[in-house]
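Input: a single structure, listed below in structure tokens.
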Amino acid sequence: MSSADEASSTARRQGARLYFVASIVAQVAALVRYVVMARILGPEQLGMAATLVVTSAFFDLVTDTGGDRFLIQDRDGDNPPVQNMVQLVYVARGAAVGLILALFAMPLAAFYKTPALAAGFVVMGLVPFIGGFLHLDIRRVQRRSDFRPEAWCMMVSEVCSLVATALAAWITHSFIAIIFGLTARAIAMSLLSQILAKRRYGIGWSRKDAPRFLHFALPLMLNGFMLFVGSQ
């Protein structure tokens with residue numbers, strides 16, 4: 001084995017271990033985040049926070065195109081035009097979900113019979129909008145089994161979310177604490193993905209690759225509702 005191959009193999013092993021640690025950190029941070037909110041906010045405010053999260057998760061799943069997986073699995077996923085196209089879809093998806101949450105804030109709050117949630121849904125729209133600017137280089141490099149960039153993004157963003165949620169809960173004693181936490185996570189994730197990226201961020205449309213991407217994405221979007229039901 002050449003020195004380059006050996007170095008690549010070592011990097012993959014380190015990346016796999018780091019990703020495993022990051023997954024544990026993310027799960028622990030999420031658990032602690034809700035424990036903190038439960039202790040500080042109480043059941044009523046915690047229930048309202050959970051309602052915001054579950055509703056936002058529904059729209060995320062039914063609009064999930066699987067673009068990040070497309071970059072890993074597609075034969076041309078390593079090409080910049082394909083990556084730029086998927087990143088454009090990510091931006092459009094984030095903006096669309098944010099707009100839906102804002103436009104339907106009042107009907108959703110009425111559906112849950114909790115008028116106070118209306119303002120929360122409007123502000124919650126910032127989370128998918130910011131997340132839409134994720135640099136997908138952290139996923140593209142996984143074509144070579146390099147999980148280190150995503151692992152670092154995951155750990156840092158979850159810790160930021162935990163700290164922001166705890167501070168907001170302590171200051172506001174309101175369900176809006178979860179919005180601060182999730183917004184902090186989205187900002188940290190997007191910023192760090194830009195910092196760790198090996199390519200310059202770009203968006204654009206590739207007419208040649210679009211049909212193949214649509215064929216990949218459509219079944220995932222149709223299956224989003226069932227995934228949501230199963231996950232809940």
Side-chain angles (χ1 to χ4, degrees), residues 4-5 8-9 11-12 15-16 18-20 22-23 26 55-101 103 125-154 157 185-187 189-232:
D5 291 339
S8 178
S9 178
R12 285 196 295 269
L18 183 61
Y19 190 85
F20 177 71
S23 300
T55 305
S56 180
F58 170 77
F59 290 114
D60 279 339
L61 275 175
V62 298
T63 59
D64 183 13
T65 62
D68 53 342
R69 281 92 77 193
F70 182 77
L71 291 182
I72 299 170
Q73 299 175 23
D74 186 71
R75 64 179 184 273
D76 296 326
D78 208 30
N79 296 340
V82 176
Q83 182 177 344
N84 290 346
M85 177 185 66
V86 176
Q87 287 174 168
L88 174 63
V89 172
Y90 255 62
V91 172
R93 175 196 173 199
V97 173
L99 185 61
I100 288 172
L101 288 172
L103 290 178
L126 289 173
V127 177
F129 177 73
I130 295 170
F133 292 94
L134 182 75
H135 199 311
L136 291 176
D137 238 27
I138 66 172
R139 303 286 170 79
R140 180 186 63 86
V141 295
Q142 292 177 15
R143 293 173 66 93
R144 293 178 288 277
S145 301
D146 187 356
F147 297 93
R148 292 171 295 176
E150 184 171 6
W152 282 115
C153 287
M154 190 188 305
S157 63
R185 183 174 69 180
I187 292 173
M189 190 82 171
S190 296
L191 282 179
L192 195 56
S193 71
Q194 299 284 345
I195 294 171
L196 296 177
K198 297 180 180 180
R199 288 179 177 172
R200 179 178 295 181
Y201 180 81
I203 57 175
W205 187 250
S206 175
R207 182 178 298 179
K208 176 175 70 72
D209 300 300
R212 198 169 66 257
F213 176 57
L214 181 62
H215 180 75
F216 180 90
L218 188 58
L220 295 178
M221 296 178 68
L222 294 175
N223 198 42
F225 178 76
M226 294 306 299
L227 289 173
F228 174 80
V229 172
S231 66
Q232 295 304 316

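Atom CG of Leu192 and atom OG of Ser157 lie 8.0 Å apart (nearest 0.5 Å). We find the CD1-CD distance between Ile138 and Gln194 to be 10.0 Å, quoted to the nearest 0.5 Å. To the nearest 0.5 angstrom, Leu214 atom CG is 12.5 Å from Asp209 atom CG. The structure places CG of Leu99 at 4.0 Å from CG of Leu103, a figure rounded to the nearest 0.5 Å. Rounded to the nearest 0.5 angstrom, Thr55 OG1 and Leu101 CG are separated by 8.0 Å. Taking CE of Met85 as the start and NZ of Lys208 as the end, the distance is 9.0 Å to the nearest 0.5 Å.
With hydrogens and angles disregarded, a donor-acceptor distance shorter than 3.5 Å links the side chain of Thr63 to the backbone of Asp60. With Asp146 contributing its side chain and Arg148 its backbone, the two residues share a donor-acceptor pair below 3.5 Å. Listed for the Gln87 side chain is a donor-acceptor partner under 3.5 Å among the backbone atoms of Gly202. One N or O on the side chain of Ser193 and one on the backbone of His135 form a donor-acceptor pair closer than 3.5 Å. Using modelled atom types, one side-chain atom of Arg143 and one backbone atom of Asp74 make a donor-acceptor pair closer than 3.5 Å. Looking only at distances, no side-chain donor or acceptor of Ser206 sits under 3.5 Å from a matching main-chain atom of Val82.
Annotation for Phe213: atom CZ counts as buried by contact number, over 12 foreign heavy atoms lying within 6.0 Å.
Two residues are said to be in side-chain contact when any heavy atoms from C-beta on lie closer than 4.5 Å; Asp68 and Tyr90 meet this criterion. Residues Arg140 and Ile72 are not in side-chain contact: their nearest non-hydrogen atoms beyond the backbone lie 4.5 Å or more apart.
Ring geometry for Tyr201 versus Phe133: interplanar angle of 30 to 60°, hence tilted.
Between Asp78 and Arg144, at least one side-chain nitrogen of the basic residue sits less than 4.0 Å from a carboxylate oxygen of the acidic one, meeting the salt-bridge criterion. Ion pair Asp64/Arg69 flagged as a salt bridge, since at least one NZ, NE, NH1 or NH2 atom sits closer than 4.0 Å to an Asp/Glu carboxylate oxygen. Ion pairing between Arg212 and Asp76 holds under the 4.0 Å rule for side-chain N and carboxylate O.
Taking both residues in full, the closest heavy atoms of Ala22 and Met154 are given as O-SD, 3.6 Å, listed atom of the first, atom of the second, then distance. Leu196 approaches Pro149 most closely through the heavy-atom pair CD1-O, 3.6 Å. The two atoms that bring Gln83 and Arg199 nearest to each other are OE1-NH1, 2.8 Å, heavy atoms only. The shortest heavy-atom contact between Leu18 and Ala151 is CG-CB, 3.7 Å. Residues Gly131 and Ser190 approach most closely at CA-OG, 3.9 Å, considering heavy atoms. Across Leu136 and Val86, no two heavy atoms sit closer than the pair CD1-CG1, 3.4 Å.
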